[in-house]
Trainee: 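Below are the structure tokens for one structure; questions will follow.
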Amino acid sequence: MRPNGQAIKAIRKARNLSLRALQEMTGLNRGYLSRLERGLIHHAGEPVLKVAGALEVTPEAITHKEKQ
């Protein structure tokens, strides 16, 4: 899965969550989450599922569509 950092950040901010809060909800390192939002992580499977669950969205809402 290719994470869409802008979408993750927008949804997180819309839910009024800090990176620290998202870290606590997902168990993922805050630095990793920051890199994810900035588009520095290009492939992430399980972490994207954890973030989607914490933000209560589908994984498709926070990933780029894969080119076929």
Trainee: List the atom pairs, donor and acceptor, that lie under 3.5 Å between side-chain atoms in residues 45-62 and the rest of the protein, sequence neighbours left out.
Mentor:
unit_1 : atom_1 : unit_2 : atom_2 : d
Thr58  : OG1    : Ala61  : N      : 3.4

Trainee: Which heavy atom in Ala21 sits nearest to a heavy atom in Leu17, and how many Å separate them?
Mentor: CB-CD2, 4.1 Å
Trainee: Would you compute the distance between atom CG of Leu22 and atom OH of Tyr32 and round it to the nearest 0.5 angstrom?
Mentor: 11.5 Å
Trainee: In chain order, what residues pass the side chain to side chain donor-acceptor pair (under 3.5 Å) check against Ser18, with sequence neighbours excluded?
Mentor: none
Trainee: Which atom pairs, one a donor and one an acceptor, fall under 3.5 Å between side chains of residues 4-11 and the rest of the protein, sequence neighbours left out?
Mentor:
unit_1 : atom_1 : unit_2 : atom_2 : d
Asn4   : OD1    : Gln6   : N      : 3.3
Asn4   : OD1    : Ala7   : N      : 3.2

Trainee: So which heavy atom on Arg2 is nearest to which on His42, and how close?
Mentor: CG-O, 2.9 Å
Trainee: Membership question, hydrophobic clusters at under 4.5 Å side-chain separation (ILVMFWY): are Met25 and Ile41 in the same one?
Mentor: yes
Trainee: Is there a side-chain contact (heavy atoms from CB on, under 4.5 Å) between Gln23 and Leu33? Walk through the geometry before answering.
Mentor: CA-CA 7 Å; Gln23 172 184 281; Leu33 292 169; 4.1 Å; yes
Trainee: Taking only residues at least two apart or on different chains, which pairs with a member in residues 11-28 satisfy salt bridge (charged side-chain N to carboxylate O under 4.0 Å, His left out)?
Mentor: Arg12-Glu37
Trainee: Decide whether Ser34 and Arg30 meet the rule of one side-chain donor and one side-chain acceptor closer than 3.5 Å.
Mentor: no
